[in-house]
Amino acid sequence: MILDDIRRLKKKIDDLQIRVDDWIIGCGAIRYDKERIQTSPCGDMLEKQVLQHIEDEERLERLKGKYKKMMTKVDLSPFTSRQQDFIKYYYFKALTQTECASAMGIKISAVCRIKKRVLHKIFKLNLFSRY
């Protein structure tokens, strides 16, 4: 289902964004098992790290483009406003059900009922089958 694909993609984007934002260059370390010896970076380690960072940034941009494209295929009009809020939090922002409950200001049991109704409506009306 497209909503599950969007949720998984959002999680990938978030994880990759963290890796890109927290990028650190490693340049060797002091070895404490030997006397006053500092190890140096092996060969082209720095170059590999920089190239990996560039690849991660490019992949992140591709995933964001794919995410936006997938979002355009979702029509929320058949759903109530509360169901739309749930879909936005749970599927589009990839929040947990507990986080959705907090964001929506409702109990977790209400979130579970909303999710059940959303899924029922999707399969009953055969929504997103053309994806």
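Model, not experiment: these values are computed from the prediction.
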Is there side-chain contact between R117 and T80, with at least one heavy-atom pair below 4.5 Å? no
Distance col, row L119:CG vs F123:CZ, nearest 0.5 angstrom, shows 6.0 Å
Would you check if E99 and Y89 make a side-chain contact, meaning some heavy-atom pair closer than 4.5 Å? no
Short question: side chain of E58, backbone of E55 - any donor-acceptor pair under 3.5 Å? no
Using side-chain heavy atoms (C-beta onward) and a distance below 4.5 Å, is F79 in contact with F86? no
Looking at C112 and Q97, what are the two nearest heavy atoms and their distance? SG-OE1, 3.3 Å
Rounded to the nearest 0.5 Å, the CD1 atom of I108 sits from the SG atom of C100 at a distance of 7.5 Å
Starting at CD1 of I18, measure out to CG of D56 and round the result to the nearest 0.5 Å. 13.0 Å
Say you draw a straight line from NZ of K107 to OG1 of T98; how long is it, rounded to the nearest 0.5 Å? 14.5 Å
Check whether L76 and I6 end up in the same hydrophobic cluster, where Ile, Leu, Val, Met, Phe, Trp and Tyr are linked by side-chain heavy atoms less than 4.5 Å apart. yes
Measure the spacing between CG of D5 and NZ of K66 and express it to the nearest 0.5 Å. 8.0 Å
Near K121 NZ, under 6.0 Å, is it more than 12 heavy atoms from other residues, nucleotides or ligands? yes
Quick one: do the H53 and Q49 side chains pair a donor with an acceptor below 3.5 Å? no
Beyond-backbone contact of I114 with D85, side-chain heavy atoms, under 4.5 angstrom: no
Only residue of K11, K10, K12, Q17 satisfying side chain to side chain donor-acceptor pair (under 3.5 Å) with D14 is K10
One pair to check against side chain to side chain contact (heavy atoms under 4.5 Å, CB included): R19 and Q52. What are the steps and the verdict? CA-CA 11 Å; R19 194 164 75 196; Q52 182 63 48; 4.2 Å; yes
Separation of I87 CD1 from K93 NZ (nearest 0.5 Å): 14.0 Å
Any cation-pi pair here, R7 with Y90, using under 6.0 Å and within 45°? yes
Transitively linked via ILVMFWY side-chain contacts under 4.5 Å: L16 with L51? no
Please find the pair of heavy atoms, one from L125 and one from P78, that lie closest to each other, and give the distance. CD1-CB, 4.3 Å
Whether the side chain of Y91 engages the backbone of R8 through a donor-acceptor N/O pair (distance < 3.5 Å, no angle test) should be reported. no
